[in-house]
Every structure is written in C-alpha cells, then in structure tokens.
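What follows is a short report on a single structure.
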Amino acid sequence: MQVYLRYLKSESVTTLWFALFLLVFGYALAVVFPSIGEIQMAQDYVESLPRFMKALLGKEILDFTTVEGFLTVEYFNTTWLVVMGVFSCLFAGALVAEETEKKTLEILLSAPVSRTSFIVGKFAGFCTLLAVLSGVSFLGVHLGVVQTGEALDRRLMAYIFLSGTTCIATVGGVGLFLSCLFNEQRRAVGATIAVFFSLYFFNVIARLLDQYPSVKYLSLFQYYDASEIFGRQAIHWPDMAILLGVLSVMFGAAIVAFRRKDIYV
C-alpha cells in the first residue's frame, strides 16, 4: 500500500494535466457537434477518404452526421486513444526503470517490501491513474452532450471507455515488462512508444490486407473499436477477455523479469 500511495502522489500533477486536456477536448467536441452534424458535406468528405484513412478511423465508418459517428472519428478512435496511449507509454515505461536509473530502487527494496509487492503496488497505481483519466474523459463528453441535448447512449459510452482503458492498460503491461528489462528510463519509455505506434499502425495496415484477414488479430488495437461497439450496441466480451489475457501474461512476465533483475547502484 505504501508503494501504491507513494506512486499516486508522485504522478498526480502530470496526470492532472492529461486529465484537463481530455476533459476539455471531449467537452469541446461534444459541444461543437451540432454545428458540424448539420453539414452533409462532412459525411461526404469522410466517405471520400482513401481506404487507409478509413481504416485509421475504425472498422466501420459510422454516419458522421450523428453524435456517435462524429465522436468516434474525432475522439474515441483517434485523439483519446493516442493521448491515453502516450500517457501509458510514458508512465508504464518508467515504473521500474526510473527507480533503477535514479539509484533509488535498492533503498526502496531495503524496506519490508518484496519485489512482487513493489511491482503490484506500482502497476496498481498506474491502473488507478488510467481509470481516473477514463472517468474524466467520460465526464467531459457527458457534460458536452447534456449541454447540447444530443441523444447518446451512456451505457455504450461507458463500454467504450471500459474497453479502451483495458486496451491501454495492456499497452501499460508491455511497458512494465520493458521497464523491468532496461535500467534507463529513456530506453524503456522509447521502446514502449515504439511498440505502441507499431501495433497501432500495424492494425491499420492489417485491415487493408483483404487476402490475409487473420493478420489483424495480431494487434492489440483489433480488440478495441468504438465504431464496433456502437454498431453492435454492446461490448464484445471475447475481445475484453483477450486483452485481459495478454495483460495478465505481460504482468506475469514483468514480475518474473523483475525478480531476476540485478540491481546496480
């Protein structure tokens, strides 16, 4: 618990800035939608985009003149996902590597804290921050939708943030593992960012490979898509199970790597 609370306190200010951005941006998009949604030309523009851009926006292109389609294209599948992903890379990649680089890890472990409990406390704190950002994002969009009087199913929106946060937490699991491997924060964070954007763009390219339909399942981002949740009118629980399975594997690998890690001071 001490490790958990210490982590939350140390990262609270930076998290606040991310939260403010997501809150304001989500609110602003929801408020501006009515003026955009009335322009049929906007939908025509989305329909005319090349296949690569359409794949970047989602598995299926929703009607851009609806609040669901607009927010999916402008927020859920793009801005929100990338901002949360960058947050995950920066924070998860530094979970252990930062302490190693600053020569504080041995001091922390000299207290009655096992290596496993240290990892659990750190990652639990990280996941708590992700949950806070997700909740703030939900609040921003919700306030904007309420102000404009648009009809948006809050249950589906909650499913989107639940699925997206789980996907980003899985990226964090990869970052935690890399943070246990590297002794330098910059290398760990850089490697996590490389993995994140590689998977992100691989997912886009895989959607274009009609002759190899199974390739798309190799990317984590195949298992999160706001357009699919709006299309199904429900969350796809098998996708959630896959994300949680990968997260468990990466978390277990991180614990094993950290318990075998040599600490140099």
Side-chain angles (χ1 to χ4, degrees), residues 3-4 7-8 15 22 58-59 72 76-77 80-96 115-138 154-181 188 191-193 195-200 202-203 206-207 214-259:
V3 174
Y4 172 77
Y7 181 76
L8 291 182
T15 303
L22 291 171
K59 294 179 183 177
T72 294
F76 298 132
N77 277 6
W80 182 81
L81 186 64
V82 171
V83 171
M84 289 287 284
V86 170
F87 176 90
S88 181
C89 293
L90 294 176
F91 280 59
L95 284 173
V96 176
R115 291 197 178 198
T116 300
S117 60
F118 175 81
I119 287 290
V120 171
K122 278 270 192 171
F123 196 67
F126 166 76
C127 290
T128 299
L129 297 182
L130 283 185
V132 170
L133 291 180
S134 183
V136 169
S137 302
F138 180 96
R154 273 62 171 183
R155 176 182 60 90
L156 295 180
M157 193 165 69
Y159 282 157
I160 287 171
F161 283 119
L162 174 61
S163 177
T165 304
T166 303
C167 181
I168 295 301
T170 305
V171 173
V174 176
L176 175 64
F177 174 68
L178 293 173
S179 188
C180 293
L181 294 182
T192 307
I193 291 175
V195 170
F196 170 73
F197 282 105
S198 294
L199 290 175
Y200 184 77
F202 174 79
N203 183 56
R207 289 175 180 175
S214 299
V215 173
K216 60 186 179 182
Y217 296 108
L218 297 177
S219 173
L220 291 177
F221 298 103
Q222 164 66 21
Y223 307 102
Y224 163 73
D225 193 310
S227 65
E228 185 177 33
I229 293 176
F230 279 128
R232 289 173 176 265
Q233 293 290 294
I235 194 171
H236 193 219
W237 293 109
D239 287 349
M240 284 287 292
I242 291 172
L243 288 173
L244 290 172
V246 175
L247 174 59
S248 300
V249 170
M250 296 310 304
F251 183 69
I255 290 178
V256 172
F258 186 59
R259 293 182 66 177

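Every heavy atom of this structure was used, including side-chain atoms; hydrogens, water molecules and symmetry mates were not.
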- [ ] Please step through side-chain contact (heavy atoms from CB on, under 4.5 Å) for the pair Y7 and F123, ending with a clear verdict.
- [x] CA-CA 9 Å; Y7 181 76; F123 196 67; over 6 Å; no
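- Distance check: F126 CZ to K122 NZ gives 12.0 Å after rounding to the nearest 0.5 Å.
- L243 CG to S163 OG: the interatomic distance, rounded to the nearest 0.5 Å, is 6.0 Å.
- Shown here for I119 and C180, the closest heavy-atom pair between the two residues is CD1-SG, 3.8 Å.
- Between the side chain of R259 and the backbone N or O of R115, no donor-acceptor pair lies under 3.5 Å.
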- [ ] Give the C-alpha distance, both sets of side-chain angles, the deciding distance and a yes or no for side-chain contact (heavy atoms from CB on, under 4.5 Å) between L199 and V171.
- [x] CA-CA 10 Å; L199 290 175; V171 173; 5.7 Å; no
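- Note that CZ of R154 and CZ of F161 are 12.0 Å apart. Values are rounded to the nearest 0.5 Å.
- Across A257 and L181, no two heavy atoms sit closer than the pair CB-CD2, 4.1 Å.
- Shown here for S137 and W80, the closest heavy-atom pair between the two residues is OG-NE1, 3.0 Å.
- Here the straight-line distance linking atom OG of S179 with atom CZ of F91 works out to 13.0 Å at 0.5 Å rounding.
- Looking only at distances, no side-chain donor or acceptor of S88 sits under 3.5 Å from a matching main-chain atom of M84.
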TODO: Start with the C-alpha distance between L81 and I168, add both sets of side-chain angles, then the distance that settles side-chain contact (heavy atoms from CB on, under 4.5 Å), and finish with yes or no.
DONE: CA-CA 8 Å; L81 186 64; I168 295 301; 3.9 Å; yes
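- Side-chain contact between V86 and I193: absent, with no pair of heavy atoms (C-beta onward) separated by less than 4.5 Å.
- Shown here for F76 and A226, the closest heavy-atom pair between the two residues is CB-CB, 3.5 Å.
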Open item on the list: The test is side-chain contact (heavy atoms from CB on, under 4.5 Å); show your working for T166 and M240 and say whether it passes.
Closed with: CA-CA 7 Å; T166 303; M240 284 287 292; 3.4 Å; yes
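- The CG atom of D239 sits 11.0 Å away from atom CG of L244, with the distance rounded to the nearest 0.5 Å.
- Aromatic ring centres of F196 and F221: separated by under 6.0 Å.
- Checking side-chain atoms of T128 against main-chain N and O of A124 turns up a donor-acceptor pair under 3.5 Å.
- Looking only at side-chain heavy atoms (C-beta outward), F138 and I160 stay at 4.5 Å or farther from each other.
- E228 contributes atom CD, which lies 10.0 Å from atom CD1 of I235 (distance to the nearest 0.5 angstrom).
- A 4.5 Å side-chain heavy-atom check between V120 and Y4 finds every atom pair outside the cut-off.
- No donor-acceptor distance shorter than 3.5 angstrom exists from the side chain of N77 to the backbone of T72, with no hydrogens or angles considered.
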